[in-house]
Number of protein chains: 2
Amino acid sequence: MNEPTFLILTALAGESRHGYAVIEDVEQMTGGRVRLRAGTLYAALDRLRGEGLIEVDREEVVQSRLRRYYRLTGAGEQSLQTETDRLRAQATIAEGRLRARRTNFGGATA
Amino acid sequence: MNEPTFLILTALAGESRHGYAVIEDVEQMTGGRVRLRAGTLYAALDRLRGEGLIEVDREEVVQSRLRRYYRLTGAGEQSLQTETDRLRAQATIAEGRLRARRTNFGGATA
DNA sequence: TGGTATATGCCGACGGTCGGTATATGCTGC
DNA sequence: GCAGCATATACCGACCGTCGGCATATACCA
């Protein structure tokens, strides 16, 4: 799973959100680092819907503008959990190796 | 940074490795989940070398076969550390939201 | 002799993201 | 009044990284 996809799923894990709200939540979540492109978002939303990881929660019209809210499905929740575990496991391995490196070579500026 | 790239960098963080050894290390590291394709690996190795994140450590000939060993550069090490921190941060956010979900809806089978 | 493992490398195909554009409305500043 | 920006959805071509297959070559085992 790619980063944008993971972030979209995470955004929807918090609560039902419409597309634009996902963009904003991801931006905030990543400290401004990731601002999803509209093309990326809506393509991913369609794909995720096709995969059954998310579904349409409801539609609202606010100030004459449509808002389509999406929510995580059970499969989506499980998928996000699996992915999260993987991320953590990989981070732990990488961190361990980086730490070992510094122990062996860090102090000596070899 | 995509997953294969991250895993390659992690493999080289442990010690200098030649291409095929990277494939094996990544496979072991991910519990057999990820077996890098040769195409993916060597393309990534070239790209990473171009970006200055890795460099050729040495070349050996073992049983008439060339082995080109790669190692992480300082920039590569830093890049891996940054990426690792990001992974961990994202995992933490996702985990928090998943936990909150279960607290709110998990017990009720709503 | 054929199959697998080691080892590097090229190539076309594909999927997901990027960047731009279209459409439409409301708000703010000049 | 109108330009510019934020909101909001959606399509499109371009691009990049990965996939999957193939080529090359040697060693080992059945």
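Letters A, B, ... mirror the listed sequences (proteins, then strands); counts begin at 1. Below, each value reflects all heavy atoms present in this structure, side chains not excepted, and no hydrogens, waters or symmetry copies.
- Counting to the nearest Å, the P atom of C/dT8 and the CZ atom of B/R49 are 11 Å from each other.
- Taking the side chain of B/D46 as heavy atoms from C-beta on, and the options C/dC10, D/dC11, D/dA8, the nearest nucleotide is C/dC10.
- Between D/dC16 and B/T5, no contact under 4.0 Å exists linking OP1 or OP2 to a side-chain N or O.
- Here A/E60 lies out of heavy-atom contact (under 4.0 Å) with every strand.
- Remark: C1' of C/dT8 and CD1 of B/I23 are 9 Å apart, rounded to the nearest angstrom.
- Here the options are B/E83, B/E3, B/R88, the test is side-chain hydrogen bond (donor to acceptor under 3.5 Å, both in side chains), and the partner is A/Q90; only B/E3 passes.
- Relative to the side chain of A/T40, the nucleotides C/dT17, D/dA8, D/dC19 differ in distance, and C/dT17 lies closest.
- Sequence order on DNA chain D of the closest nucleotides to B/R47 and B/A38 puts B/R47 first from the 5' end.
- Atom CE in A/M1 sits roughly 11 Å away from atom P in C/dG16 (whole-Å rounding).
- Taking CG from A/L12 and CD from A/E55, the interatomic distance works out to 11.0 Å, rounded to the nearest 0.5 Å.
- Mapping A/Y69 and A/A43 onto DNA chain D by nearest heavy atom places A/Y69 closer to the 5' end of the strand.
- Contact check on B/E77 versus A/R102 returns a salt bridge, with a Lys/Arg side-chain nitrogen under 4.0 Å from an Asp/Glu carboxylate oxygen.
- Here the P atom of nucleotide D/dG17 and the CG atom of B/L9 are 14 Å apart, to the nearest Å.
- B/H18 places its NE2 atom 6 Å from the P atom of C/dT8, with the value rounded to the nearest Å.
- The nearest whole Å value for the distance from the CG atom in A/N2 to the P atom in C/dC18 is 9 Å.
- A donor-acceptor contact under 3.5 Å is formed by the side chain of A/R65 with the base of D/dT7.
- Between B/E59 atom CD and C/dT8 atom C1' there is a gap of 11 Å when expressed in whole angstrom units.
- The side chain of B/Y42 approaches C/dT8 more closely than any other nucleotide in the set C/dG19, C/dT8, D/dG17.
- Residue A/S79 forms a side chain to side chain contact (heavy atoms under 4.5 Å, CB included) with just one option from A/L72, A/L48, A/L53, and that option is A/L53.
- The nearest whole Å value for the distance from the CG atom in B/L36 to the C1' atom in C/dT8 is 14 Å.
- The residue among A/A44 and B/G19 whose nearest nucleotide of DNA chain C is located toward the 5' end is B/G19.
- Contact check for A/P4 versus A/L36: side-chain heavy atoms found under the 4.5 Å cut-off.
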